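Here is the structure we will look at, set down as structure tokens.
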Amino acid sequence: MQQQLSEALTIMLTGMITVFVFLILLLVAMALLRRFIGTEDRQPEPSTRPVSRAQNQQQNAQRVAAITAAVHTYRREHE
Amino acid sequence: MQQQLSEALTIMLTGMITVFVFLILLLVAMALLRRFIGTEDRQPEPSTRPVSRAQNQQQNAQRVAAITAAVHTYRREHE
Amino acid sequence: MQQQLSEALTIMLTGMITVFVFLILLLVAMALLRRFIGTEDRQPEPSTRPVSRAQNQQQNAQRVAAITAAVHTYRREHE
Amino acid sequence: MDRLITLWNSTALSAFTWGEATMMLVGALLLYLAIKKKFEPLLLLPIGFGAILANIPMAGFTEPGGLLYYIYAVGIDTGVFPLIIFMGVGAMTDFGPLLANPRTLLLGAAAQFGIFATLFGAIALNGLPGFNFSMQDAGAIAIIGGADGPTAIFLASKLSPDLLGAIAVAAYSYMALVPIIQPPIMRLLTSKAERSIKMEQLRQVGRREKILFPLAVLFLTLLFLPAATPLVGMFCLGNLMREAGVVERLSKTAQNELINIVTIFLGLAVGSKLSAGEFLSLQTLGILALGAVAFSIGTASGVLMAKLMAKFSKTPINPLIGAAGVSAVPMAARVVNKVGLEANQSNFLLMHAMGPNVAGVLGSAVAAGILLALVG
Amino acid sequence: MDRLITLWNSTALSAFTWGEATMMLVGALLLYLAIKKKFEPLLLLPIGFGAILANIPMAGFTEPGGLLYYIYAVGIDTGVFPLIIFMGVGAMTDFGPLLANPRTLLLGAAAQFGIFATLFGAIALNGLPGFNFSMQDAGAIAIIGGADGPTAIFLASKLSPDLLGAIAVAAYSYMALVPIIQPPIMRLLTSKAERSIKMEQLRQVGRREKILFPLAVLFLTLLFLPAATPLVGMFCLGNLMREAGVVERLSKTAQNELINIVTIFLGLAVGSKLSAGEFLSLQTLGILALGAVAFSIGTASGVLMAKLMAKFSKTPINPLIGAAGVSAVPMAARVVNKVGLEANQSNFLLMHAMGPNVAGVLGSAVAAGILLALVG
Amino acid sequence: MDRLITLWNSTALSAFTWGEATMMLVGALLLYLAIKKKFEPLLLLPIGFGAILANIPMAGFTEPGGLLYYIYAVGIDTGVFPLIIFMGVGAMTDFGPLLANPRTLLLGAAAQFGIFATLFGAIALNGLPGFNFSMQDAGAIAIIGGADGPTAIFLASKLSPDLLGAIAVAAYSYMALVPIIQPPIMRLLTSKAERSIKMEQLRQVGRREKILFPLAVLFLTLLFLPAATPLVGMFCLGNLMREAGVVERLSKTAQNELINIVTIFLGLAVGSKLSAGEFLSLQTLGILALGAVAFSIGTASGVLMAKLMAKFSKTPINPLIGAAGVSAVPMAARVVNKVGLEANQSNFLLMHAMGPNVAGVLGSAVAAGILLALVG
Ligand code: NA
Ligand code: NA
Ligand code: NA
């Protein structure tokens with residue numbers, strides 16, 4: 001029991017140190033990465049991820065159809 | 001053959017009785033269930049199952065875009 | 001080596017002949033097929049594959065909603 | 001030249017047997033029925049295609065290492081594919097009409113007489129020369145009368161895998177033939193006045209009732225018919241996912257992509273059991289005949305039960321809706337609606353028939369469990 | 001009559017044991033929590049249903065040939081299902097907030113103290129009579145503190161499959177309880193002034209940075225923690241598919257249909273491990289207690305680490321965001337936002353908390369790798 | 001301290017070999033080509049990622065129990081994954097342009113000379129020191145000339161699994177390089193006048209013709225080339241589902257979710273075959289060189305065949321369309337269109353090139369069957 005406890009303690013310490021070391025390494029890697037990428041990529045990312053083209057076209061088609069129909073309907077009702 | 005036939009007959013009767021007993025039990029269970037749930041759940045279910053929010057928002061966005069565009073187009077054509 | 005090469009050569013020739021024979025057979029089959037189908041199927045295929053009904057209805061509903069709303073908005077803004 | 005001979009020997013032309021050629025024609029016939037006649041195409045197209053592939057000499061589709069061998073081993077031998085499909089069917093099923101009129105459960109029970117009468121019929125057929133169905137075979141054949149594809153495949157794969165091909169083909173074919181098989185029987189057993197009966201509008205069913213129903217079904221099944229729990233359990237899981245309202249994305253996937261993927265492979269695997277040795281026999285003719293009988297008896301029992309119930313009911317019951325108890329969702333309910341409209345142009349029975357229709361699905365899953373327990 | 005007896009003997013009524021009945025109630029409780037309380041329903045609904053199915057006497061779901069047996073063997077024994085889910089989670093994760101403020105990685109690190117302290121606690125519990133956790137058991141239990149479902153299932157299936165059911169249930173339950181467990185701890189450790197601190201707006205993160213990040217994570221992992229590469233690797237693959245922008249269709253499928261399909265089966269398989277013999281024991285109570293401790297310690301460590309960082313930081317840091325380091329994406333970040341708003345009605349911390357939140361996912365995957373390496 | 005050493009020994013730093021490090025760079029290069037250069041990213045991204053995972057020392061991805069081991073065993077060893085992808089490709093293929101101008105089948109046949117010439121070339125390469133390709137190896141390498149990914153993977157997994165990684169990488173890389181490899185050859189073999197030739201508009205093709213075509217292909221294949229039926233059969237099944245019009249939901253799933261899921265796993269499994277021992281050898285250079293030769297010969301044969309056909313044809317034939325016979329759908333057809341537009345700004349060859357392009361897919365599946373029959 002005593003021995004198990006001390007083993008658990010060692011694992012706890014080793015584990016926490018390793019987690020921190022690892023994530024600090026990642027932090028350093030990210031800093032290097034950002035420096036490496038430099039200024040060439042500083043423009044803000046487009047706010048929305050581009051929708052797939054097909055979907056886009058479909059939506060456009062629907063929109064155009066809706067507009068056309070709306071205007072058409074309106075005219076018919078107001079002539 | 002004779003024995004097989006009588007066995008089949010037994011299975012037929014047992015089977016049909018069991019099916020009926022089982023579904024009648026279910027009928028009773030449903031009645032109990034309805035009584036147990038009581039009046040608290042008597043309001044009619046909303047006629048359509050709610051669409052996922054994301055989908056809804058997308059449709060709204062499309063609709064608004066279509067409306068805006070339609071009105072815009074109409075105005076441009078009538079000014 | 002010499003033997004391998006001649007074997008490869010044989011495979012090359014056999015292979016190409018078989019590919020051609022096979023695809024020519026297919027060509028013949030297609031010609032027979034077309035004759036067999038005859039004139040009963042000569043009308044052009046509808047340009048677009050029918051969309052599933054549910055999808056269609058949904059689109060229609062959206063379109064109608066968009067039109068209604070557009071016209072409604074327009075009227076409200078012009079009264 | 002040697003190479004050309006190697007290649008020629010590797011063509012199927014020499015190796016073809018009459019049996020294989022005939023089975024390919026059977027496969028082609030199934031494709032024709034699926035594509036041209038729109039007979040349950042989602043299953044019959046892959047089944048037909050699988051039948052063709054399985055009978056190509058020297059292609060080895062059904063031998064260890066072959067594609068159909070793997071699909072069959074993974075999906076049918078284990079029973080996993082029909083169960084996944086049944087889960088998807090559960091997620092597509094709305095028990096609302098049944099909950100609004102629970103008595104229609106009895107119609108779903110009565111129609112299962114088609115199953116058990118056919119079991120007796122199959123054994124009786126052993127009296128004729130050339131037939132030698134075991135009790136397991138008879139049970140597997142009888143389930144055709146359940147008019148439910150995945151249930152039939154599941155039970156046949158457990159009781160009588162050799163007959164699986166013929167049974168699945170018969171089940172799906174007759175389900176597609178429901179609009180032809182049922183109406184004459186329905187008209188024979190009812191008067192025009194009966195067929196014209198209008199039923200009261202169904203009450204609204206609350207959300208909580210719909211959530212608790214699949215759980216109640218599961219509960220009764222696990223208490224009284226554990227052998228039916230694989231089928232009924234997966235069906236109830238699908239239905240619970242549908243009605244719970246909190247796992248919309250799982251329910252959608254179960255109803256669409258997952259069931260579609262499994263349907264393709266299930267069809268191919270079932271088709272792979274259409275081999276000459278097992279299909280081209282007198283037994284298959286017997287199975288087809290028994291299947292037709294099963295559907296007819298099921299339809300008749302449902303209608304007669306509905307007539308009986310109408311006698312004791314305070315509210316009007318149109319006996320036609322009993323025919324929907326065979327399941328074959330939603331075809332049988334549509335047939336009821338159509339026959340009802342013929343008798344009375346303003347009589348819309350569709351929703352009233354949906355109750356017995358989904359009750360029939362439960363009924364045949366229960367019947368399958370009973371058969372597994374009694375002869376499995 | 002014999003048949004009736006056969007049938008009666010085949011009902012579950014005689015065979016039921018108290019253990020099975022109790023486990024079914026546990027399953028029903030999970031369904032209730034999932035459906036009514038909306039506790040992580042995507043997992044707890046199938047887990048609860050699986051628990052019910054697995055405990056039906058004589059139905060054989062978990063015996064060789066049974067459905068849950070196959071699902072468990074294919075998906076959990078092999079570790080494939082949690083890894084596929086982790087890939088999907090990766091494809092759903094936006095590392096933007098973390099990349100905009102990389103220091104929050106430290107918060108994701110600190111919160112893992114919940115894991116390692118719990119490992120110590122589990123061993124300490126062995127001092128009480130009735131507990132006898134091995135080091136493997138302790139590691140598997142500790143991962144509950146990681147507040148990440150697939151990581152917990154993956155690790156438990158490797159270290160201590162017998163405890164898998166209880167661990168998964170505890171992990172998902174506590175994740176659902178995050179809005180109840182965390183706020184008191186957060187309030188206890190911070191002053192109202194601290195909770196009111198507003199943080200600077202996050203910078204925009206470029207596309208290239210987002211693409212290179214998962215690769216950098218993978219690179220460091222494979223160098224220093226190969227044991228963590230299955231989890232971290234699949235997570236990074238998902239994230240790379242998301243950010244690469246050239247495999248949109250794969251990324252969409254990984255985020256939707258694929259993860260949905262696997263979630264259904266993963267839940268059923270986990271539920272199948274909820275058997276009376278393993279779940280109805282004092283150990284389970286210990287696991288539940290330890291899990292609650294793990295969450296609390298993780299939350300506290302995160303908050304304290306954030307307070308420490310705030311001392312040395314030029315820009316203001318609200319210590320609340322440390323609580324999001326336990327992962328439980330995105331619930332923990334939402335809790336941070338809510339508690340922040342209570343203190344200052346115009347203080348929106350959501351995006352600031354997303355950084356430590358996704359860092360916590362990485363952190364617990366890394367911790368799982370460490371545990372695999374040390375006690376696996 | 002002991003624990004720290006355990007942990008350090010469990011890092012990969014000590015265990016790394018040069019071979020593994022180099023293979024990771026190869027994986028990274030594939031990711032670069034996929035993401036930055038958009039080289040067939042749907043396959044090369046998972047292949048590259050799989051290559052990295054497979055070469056992590058001590059992570060055991062490709063050993064029994066590892067993720068990639070399972071995926072490879074389930075999907076590639078059995079041949080199931082490429083066949084499912086081929087079914088999806090079939091469901092995405094429109095044979096309309098080919099049916100409108102069936103003579104272009106001959107172009108799809110001619111371009112397969114790239115395959116068979118390469119087989120000869122691979123054996124000839126054995127004359128150089130360091131090369132020792134068996135006839136099976138040669139056949140597997142030659143199929144790169146088919147410019148069809150799933151066909152190449154299927155055949156290589158049957159004939160020469162050790163070379164699978166290199167062959168798949170070469171096949172997809174060259175398919176991505178089609179716009180660079182083909183145009184010079186096309187310009188070399190044609191005059192500007194020839195490239196300017198306009199072709200007559202294609203006739204409309206009826207629905208029934210489109211349904212019967214995959215069945216006719218299947219029928220001829222099963223008669224004359226049973227060894228090609230797995231590939232051709234699944235392709236035809238996909239196409240039949242597409243054209244039948246009655247199984248829209250199966251066809252959609254085969255074209256989208258199913259093919260996406262399988263593509264992810266297929267790519268990972270192929271990548272797992274990129275191990276140092278097998279890839280870092282002179283043979284791989286030979287395979288890459290032979291692949292380039294194969295594509296070039298295929299392109300040239302197609303163009304020359306088209307020139308020959310133009311001599312005997314009543315209607316004008318632009319010889320460029322022969323280049324599309326190598327398959328690489330739809331890239332090769334687009335290249336034809338582009339080169340045609342360069343010569344004549346109003347010359348749109350895209351639809352005319354789609355005929356030989358899909359004929360090339362059939363042609364290489366047929367060629368794969370021939371190779372299986374002759375050297376398998
Ligand atoms: Na039924
Ligand atoms: Na975590
Ligand atoms: Na080709």
Side-chain angles (χ1 to χ4, degrees), chain C residues 1-70, chain F residues 96 98-99 102-103 105-110 112-113 115-124 126-127 133-135 138-139 142 203-210 212-213 215-217 219-221 223-225 228 242-243 245 248-249 252 301 359 362-364 366-367 369-371 373-375:
Chain C
M1 178 70 201
Q2 198 56 42
Q3 192 214 326
Q4 253 197 331
L5 269 179
S6 86
E7 198 182 340
L9 193 70
T10 330
I11 293 177
M12 183 173 93
L13 295 177
T14 325
M16 274 316 284
I17 291 169
T18 317
V19 167
F20 264 103
V21 168
F22 186 86
L23 291 182
I24 287 169
L25 277 173
L26 187 56
L27 198 53
V28 173
M30 284 158 71
L32 291 175
L33 210 72
R34 226 167 25 254
R35 181 164 306 171
F36 174 75
I37 293 176
T39 50
E40 44 183 336
D41 194 36
R42 275 294 147 85
Q43 68 279 37
E45 192 192 22
S47 60
T48 52
R49 164 175 307 275
V51 249
S52 75
R53 218 183 312 156
Q55 201 185 329
N56 231 334
Q57 284 176 349
Q58 191 198 328
Q59 287 178 8
N60 281 343
Q62 277 178 250
R63 205 171 296 166
V64 168
I67 295 167
T68 316
Chain F
L98 176 62
L99 288 165
R103 291 177 306 168
L105 269 177
L106 297 179
L107 301 174
Q112 307 316 319
F113 188 56
I115 294 178
F116 293 104
T118 304
L119 181 139
F120 185 78
I123 294 299
N126 284 348
F133 293 124
S134 70
M135 201 57 85
R203 72 172 177 93
Q204 290 283 359
V205 174
R207 187 173 157 256
R208 203 183 298 185
E209 223 173 319
K210 286 189 169 183
L212 289 175
F213 180 69
L215 293 171
V217 172
F219 183 67
L220 287 179
T221 311
L223 276 190
F224 300 111
L225 271 177
R242 170 200 182 87
E243 301 297 349
E248 191 93 355
R249 56 183 290 168
K252 285 261 164 71
S301 327
L362 282 183
S364 44
V366 165
I370 294 170
L371 288 173
L374 291 182
V375 309

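Letters A, B, ... mirror the listed sequences (proteins, then strands); counts begin at 1. Since this is a predicted model, take the numbers as computed values, not measurements.
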### Message
Tell me every residue that passes ring pair (Phe, Tyr, Trp, His ring centres under 6.0 Å) with F:F213, counting only those two or more places apart in sequence or in another chain.
### Response
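Listed in chain order: F:F95.
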### Query
Which residues satisfy the ring pair (Phe, Tyr, Trp, His ring centres under 6.0 Å) test with F:F133, sequence neighbours excluded?
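For F:F133 the ring pair (Phe, Tyr, Trp, His ring centres under 6.0 Å) partners, ignoring immediate neighbours, are F:F131.
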If I measure from the heavy atoms of chain C, does [X] come under 4.5 Å with its side chain, its backbone, both, or neither?
X      : result
F:L362 : side chain
F:R249 : neither
F:A122 : neither
F:A138 : neither
F:T118 : neither

### Query
Looking at F:V217, F:L105, F:L220, which hits side-chain contact (heavy atoms from CB on, under 4.5 Å) with C:L23?
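Exactly one pass, corresponding to F:L105.
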Nearest 0.5 angstrom please: [X] [atom1] to [Y] [atom2], how far?
X      : Y      : atom1 : atom2 : answer
C:L9   : F:F120 : CG    : CZ    : 5.0 Å
C:R34  : F:R203 : CZ    : CZ    : 5.0 Å
C:F36  : F:L212 : CZ    : CG    : 8.0 Å
F:I115 : C:M12  : CD1   : CE    : 13.0 Å
C:Q3   : F:I123 : CD    : CD1   : 11.0 Å
F:N126 : C:Q4   : CG    : CD    : 5.5 Å

#### Entry: Most contacts with chain F, counted as non-hydrogen pairs under 4.5 angstrom, among C:L27, C:L25, C:L13, C:V21
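Among C:L27, C:L25, C:L13, C:V21, the one with the most close pairs to chain F is C:L27.
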#### Entry: Full working for side-chain contact (heavy atoms from CB on, under 4.5 Å) between F:Q112 and C:F20
CA-CA 9 Å; F:Q112 307 316 319; C:F20 264 103; over 6 Å; no
### Message
Can you give me the closest heavy-atom contact between C:M30 and F:L99, atom names plus distance?
### Response
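Distance-wise, the nearest heavy atoms are CE-CD2, 3.5 Å.
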### chain F contact via C:M16 - which portion, at a heavy-atom distance below 4.5 Å
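It is both, since atoms from each part get that close.
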### Task
Decide yes or no on side-chain contact (heavy atoms from CB on, under 4.5 Å) for F:F113 and C:V19, but give the supporting numbers first.
CA-CA 9 Å; F:F113 188 56; C:V19 167; over 6 Å; no
### Query
Could you go step by step and tell me if F:F224 and C:T18 meet the side-chain contact (heavy atoms from CB on, under 4.5 Å) rule?
CA-CA 9 Å; F:F224 300 111; C:T18 317; over 6 Å; no
